[in-house]
Student: 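A single structure is presented below for examination.
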Amino acid sequence: MKIVGIRRGEAYSPNLVGCDAAIFNAVADALREMNHEVVCISENEMVGFDYTPYDRVFTMARDTFSLVLLEKETDVSTQAKFINGIDGILTCTNKASVATQMLEIGVPQPEFLVGKKRDLLFCSTAHKEDISTPLWLKNCDGSATEKEDTVFCPTKEIFDVAFKRMEERNVNLWMVQEHKTGDLIKFYGVEGTDFFHWSYASQGHSKFGLEAVNGKEKGYPFQAERIKRYADMTARQLNVPIYGGDAIIDEDGGFWFIDFNDFPSFSSCRDEAAKAIAKCIIHHALFKMRVKK
């Protein structure tokens, strides 16, 4: 097969430039070892590129503006070559959209509010007053590129300051998420394969150090296969078979998804992940492109 790989721009790899480059290169190498031809381009080259001669496109791109243009200029058959899907990547740049779609399919997650500027658009619970500090304030205008895009607010005073700063940055869409206590884990998977890996957040690299909020893990027992089942459900719903995320585990083994991302760095399981991703790319069936309402 002839395959195109699109690298992630450094602006979308805060404190993880080397890790993102490493998984990208590992996947490209794995495909070449399988005797496939791989051409690699940068994120700023993807709009206007001729994808016609290629059978598959694997992409780590996250620039919203370029992805929207790419989606507009390509037809359904071309978009179906992309892994992850263009529509899915765009969804993952909007944490509110991810949370709303997880709610639709019954994925366990904390209660949340979604707002535009100072207007409340959506509430996942019957009473918005049920969501009080401590909580998380998240920028939903695009992928997180700086620490103030996701802010832990233990008090209302801290929330007010964080919200004002987002207003000053002209953040349009935001989400408030209920804080859950327990063990914080990071999980990685490739939907359609047996690959699934999890580890405690304290054992891996941190973008902004926010994992410290939950403190040292207690080692609460839980069923990893249940996490994988819900993660694969989310991956199918969003059209992002190459995924990663964060979950909180409580003392009874219950869990909540608090984040879900397209094509993470897989830094704690790179070699195994690269092989599974390459397998996914080669055996990727053309997706039925969802018609967005």
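Computed over heavy atoms, backbone and side chain alike; hydrogens, waters and symmetry mates excluded.
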Student: Can you confirm whether K228 is buried at NZ, in the sense that more than 12 heavy atoms of other residues, nucleotides or ligands lie under 6.0 Å from that atom?
Tutor: yes
Student: Within a reach of under 6.0 Å around CD of E10, are more than 12 heavy atoms found that belong to other residues, nucleotides or ligands?
Tutor: no
Student: Taking the six-membered ring for Trp and the single ring otherwise, decide whether the centroids of F49 and Y51 are under 6.0 Å apart.
Tutor: yes
Student: Tell me whether the rings of Y243 and F260 are parallel (<30°), tilted (30 to 60°) or perpendicular (>60°).
Tutor: parallel
Student: Which pair of non-hydrogen atoms, one from D119 and one from W174, has the smallest distance, and what is that distance?
Tutor: O-CZ2, 4.3 Å
Student: May I ask you to decide if S13's main-chain N or O and R62's side chain share a donor-acceptor pair within less than 3.5 Å?
Tutor: no
Student: On a heavy-atom basis, which atom in D183 and which in E217 lie closest, and how many Å separate them?
Tutor: OD1-CA, 3.2 Å
Student: Below 30° counts as parallel, above 60° as perpendicular, anything between as tilted: where do the rings of Y230 and F257 land?
Tutor: perpendicular
Student: Could you pull out all residues at least two apart from A61 that satisfy side chain to side chain contact (heavy atoms under 4.5 Å, CB included)?
Tutor: I6, E43, M46, T59, L67
Student: Indicate the atoms forming the closest heavy-atom contact of A231 with F187, along with that distance.
Tutor: CB-CE1, 3.8 Å
Student: So K180 and E178, salt bridge (Lys or Arg N to Asp or Glu O under 4.0 Å) or not? Walk me through it.
Tutor: CA-CA 6 Å; K180 292 290 187 180; E178 176 189 16; 3.5 Å; yes
Student: Should R8 and D63 be marked as a salt bridge (Lys or Arg N to Asp or Glu O under 4.0 Å) after you check the CA-CA gap, both sets of side-chain angles, and the distance that decides it?
Tutor: CA-CA 9 Å; R8 180 166 295 154; D63 180 67; over 6 Å; no
Student: Checking the side chain of K95 only, and the main-chain atoms of N139 only, is there a donor and an acceptor separated by less than 3.5 Å?
Tutor: no
Student: Counting distance only, does the side-chain N/O of N84 pair as donor-acceptor with the main-chain N or O of G88 below 3.5 Å?
Tutor: no
Student: If I compare all heavy atoms of C280 with all of I83, which pair ends up nearest, and what's the gap?
Tutor: SG-CG2, 4.2 Å
Student: Check this for me: R32, atom CZ, are more than 12 non-hydrogen atoms of other residues, nucleotides or ligands nearer than 6.0 Å?
Tutor: yes
Student: Check whether K156 reaches the backbone of T133 with its side chain - one donor and one acceptor, N or O, closer than 3.5 Å.
Tutor: no
Student: Are L120 and I131 grouped together when hydrophobic residues (ILVMFWY) are joined by side-chain heavy atoms under 4.5 angstrom apart?
Tutor: yes
Student: Is F122 reachable from M166 through a run of I, L, V, M, F, W or Y residues, each pair having side-chain heavy atoms under 4.5 Å apart?
Tutor: no
Student: For atom NZ of K128, is the number of surrounding heavy atoms from other residues, nucleotides or ligands below 6.0 Å larger than 12?
Tutor: no
Student: In terms of relative ring orientation, are F159 and F163 parallel, tilted or perpendicular, with 30° and 60° separating the classes?
Tutor: tilted
Student: For N94, does its backbone N or O pair with a side-chain atom of S97 as donor and acceptor, under 3.5 Å?
Tutor: no
Student: Should we say atom NZ of K117 is surrounded by more than 12 heavy atoms from elsewhere, each under 6.0 Å from it?
Tutor: yes
Student: For residues M1 and I242: do they belong to one hydrophobic cluster (side chain heavy atoms under 4.5 Å, members Ile, Leu, Val, Met, Phe, Trp, Tyr)?
Tutor: yes
Student: Check V47 against S66 and note the closest heavy-atom contact, atom names and distance.
Tutor: CG2-O, 3.4 Å
Student: Kindly state whether the ring of F152 and the ring of H179 have centres lying under 6.0 angstrom apart.
Tutor: yes
Student: Does E251 use its side chain to pair, donor to acceptor, with the backbone of G182 at less than 3.5 Å?
Tutor: no
